[in-house]
Amino acid sequence: MFNSYQETTLRLDAERCINCKRCTQVCPHAVFAEGKDHVELARPAACMECGACALNCPVQAITVESGVGCAWAMISAALRGKDMDSGECSCGGDEGSCCGQSPEQSCGCDNK
Amino acid sequence: MENDVTTRSSCCSCTPQENASQCSCGTSSAVPAIRTTDSTITAANRLDHFLARWGVRRGDHRVEPGLYRLGNATPESPVFASANYTLSFDALRSALAGVDAYILVLDTKGINVWCAAGKGTFGTEELVRRIALTGLPFVVSHKKIIVPQLGAPGVSWPEVLRKSGFSVEYGPVRARDLPEYLKTHKATPAMRRVDFPFWDRVVLTPVEFVHVALPAIIIAAVLWFIAGPASGLAALAAVIAGTVLFPALLPMIPTRDFSTKGLILGVLIAIPFAVSFGSVPELPGWASALAAMTPLLLIPAVTAYLGLNFTGCTTFTSRTGVKREIFRYVPVMALMAGAGVIAGIVLGAGRLMGVI
């Protein structure tokens, strides 16, 4: 109830995993845990779909539809008749995030 | 946009190969000038940070991209990648006080590491390009570059290795953990986790408020004149609740969804206004009820919408979840706002016609 964040697009193909553990290094939310033969999805619902794991997996064992969970970018894209997923803004920075704040510059979520 | 005139002559224009150091095309192997920096944060830096936090000339808080020498860096010294946003660069260089190192500043168009990584401007391509442009392979004797962990959504280490010969080591999330990290080059689980503590949320609120301040003040002024000071105040309260209180109280407000958090906060803010508007003795019953309903419909709709828009500033919301929230709650907010506006118009019309 009132939790829209239980499912994500993150998928792990454990068969392919070579246990290099790079995903455990790049994930900012400890979604992956070290396992015996391959990593395991310990906290899948914590995934924010940033895409770091998939991009840094050397054997493509991870897939995720990466994108930015920014309502402002998605709503403004939708209002302009564009695909909601076309908003390429990247927010959530811990050093002064960008989205929903200053459309002209910052992350340029409004520009393209 | 490029300011690399001085560096163009560097290692010719051949595509960076695995052995970029052996790239021998052209005659000039001159390494472009390396800038120097230090770890001191001056009063001018602090003012710049303050202005950045308030969204003043937001695109201007930039550092010149390129290679910087920190301390007495030697060819054996470590190399750290950063963004050309002053807050990012200053966080890194101040954390490295006493460390001899090189800092490779990528051109991220004045955006911080994480945001730029999500966009891809802090990414494989720019990293590989900047390594070549600055002649980094000629400056250091090793082939390792420490990239902030939050740069990983834009950087693919196998690609960087293939295209530049440099191996990427992902450092901790926060620059302030670097001194500890550098002792072992192993990050603890805590160093790898992103959190979103009170102060991190609060520093975002000035920009949040500034972003909506102008329309909010106009609407508040209009309401003040046509419906009275209390209505103007209610509009301001809704906006301040959505942009300042909401981020500050985020984990304390019940439910996980941002929209429902915003609705709850909005109702709390609306109650005093509803009580005050609904208890004017000379109003007939139906008008009192309508006057009480108006803030209860409008204020939560506004705070919920502003709260939902804060998802983009947080460190943990997924696109899948936010999209679900939009489809679930935006229609509800629109209905509430529409009903609230109609209620307000009915009250105004009633007053004009002398019914109430």
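Quick note on labels: first sequence line is chain A, next is B, and so on, each numbered from 1. In this text the structure is predicted, and so the values were computed from the model without any measurement.
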Task: Proximal component of B/V212, with respect to chain A [non-hydrogen, under 4.5 Å] - done: neither
Task: Minimum-distance pair of heavy atoms, taken over all atoms of B/P153 and A/A52 - done: N-CB, 3.6 Å
Open item on the list: Ignoring hydrogens, what is the shortest heavy-atom contact between B/R319 and A/S66? Give both atom names and the distance.
Closed with: NH1-O, 4.3 Å
Open item on the list: Is B/R192 in contact with chain A via its backbone, its side chain, both, or neither, using a 4.5 Å heavy-atom distance?
Closed with: both
Open item on the list: Tell me which pairs pass salt bridge (Lys or Arg N to Asp or Glu O under 4.0 Å) where either residue lies in residues 144-156 of chain B, with sequence neighbours left out.
Closed with: B/K144-B/E169
Open item on the list: Looking at every heavy atom in both A/C27 and B/Q149, which two are closest together, and how far apart are they?
Closed with: O-NE2, 3.2 Å
- [ ] Compute whether any side-chain donor of one residue and acceptor of the other, for B/S156 and A/N56, lie under 3.5 angstrom apart.
- [x] no
TODO: Kindly check if the number of other-residue, nucleotide or ligand heavy atoms within 6.0 Å of CZ (A/R43) is above 12?
DONE: yes
Open item on the list: As an exercise, state the distance from CE of A/M48 to OG1 of B/T314, rounded to the nearest 0.5 Å.
Closed with: 6.5 Å
- [ ] Flag the pair A/S4 / B/Y329 as yes when at least one side-chain heavy-atom distance between them is below 4.5 Å, and no otherwise.
- [x] yes
Open item on the list: Below 4.5 Å, heavy-atom pairs only: which of A/M1, A/Q6, A/E7 has the largest tally toward chain B?
Closed with: A/E7
- [ ] Below 4.5 Å from any heavy atom of chain A, which atoms of B/F209 appear? Answer side chain, backbone, both or neither.
- [x] neither
Task: A/Q25 (side chain) donor-acceptor with B/Y170 (main chain) under 3.5 angstrom - done: no
TODO: Could you tell me the separation between the CG atom of B/N309 and the CD1 atom of A/I75, rounded to the nearest 0.5 Å?
DONE: 5.0 Å
Task: Nearest-0.5 Å distance, CG of residue A/N3 to CD of residue B/E325 - done: 9.0 Å
Open item on the list: Tell me whether B/E125 at atom CD has more than 12 heavy atoms from other residues, nucleotides or ligands lying less than 6.0 Å away.
Closed with: no
TODO: Calculate, to the nearest 0.5 Å, the distance between atoms CH2 and SG belonging to B/W157 and A/C20 respectively.
DONE: 6.5 Å
Open item on the list: Tell me if a side-chain donor or acceptor on A/E49 pairs with a main-chain N or O of B/T320 at a distance below 3.5 Å.
Closed with: yes
Open item on the list: Heavy-atom cut-off 4.5 Å, strictly under: side chain, backbone, both or neither for A/C50 against chain B?
Closed with: both
- [ ] Ignoring hydrogens and angles, tell me if any N or O in the side chain of A/H29 forms a donor-acceptor pair with the backbone of B/T315 under 3.5 Å.
- [x] yes
TODO: Measure B/P158 against the heavy atoms of chain A and call it side chain, backbone, both or neither at under 4.5 Å.
DONE: side chain
Task: B/F327 portion near chain A, given a 4.5 angstrom heavy-atom threshold - done: side chain
Open item on the list: Nearest 0.5 Å, please: how far is CZ in B/F310 from CH2 in A/W72?
Closed with: 15.0 Å
Open item on the list: What part of B/K323 gets within 4.5 angstrom of chain A, counting heavy atoms only: side chain, backbone, both, or neither?
Closed with: both
Open item on the list: Using heavy-atom distances under 4.5 Å, tell me whether A/E65 contacts chain B through its side chain, its backbone, both, or neither.
Closed with: neither
Task: Reported CZ-to-CZ distance for the pair A/F2 and B/R256, which is rounded to 0.5 angstrom - done: 15.0 Å
Task: Interface moiety of B/I326 toward chain A, non-hydrogen atoms closer than 4.5 Å - done: side chain
Open item on the list: Quick check on A/C53 against chain B: is it the side chain, the backbone, both or neither that has a heavy atom closer than 4.5 Å?
Closed with: neither
Task: Closest non-hydrogen atom pair between B/S318 and A/T8, with its separation - done: OG-CG2, 4.4 Å
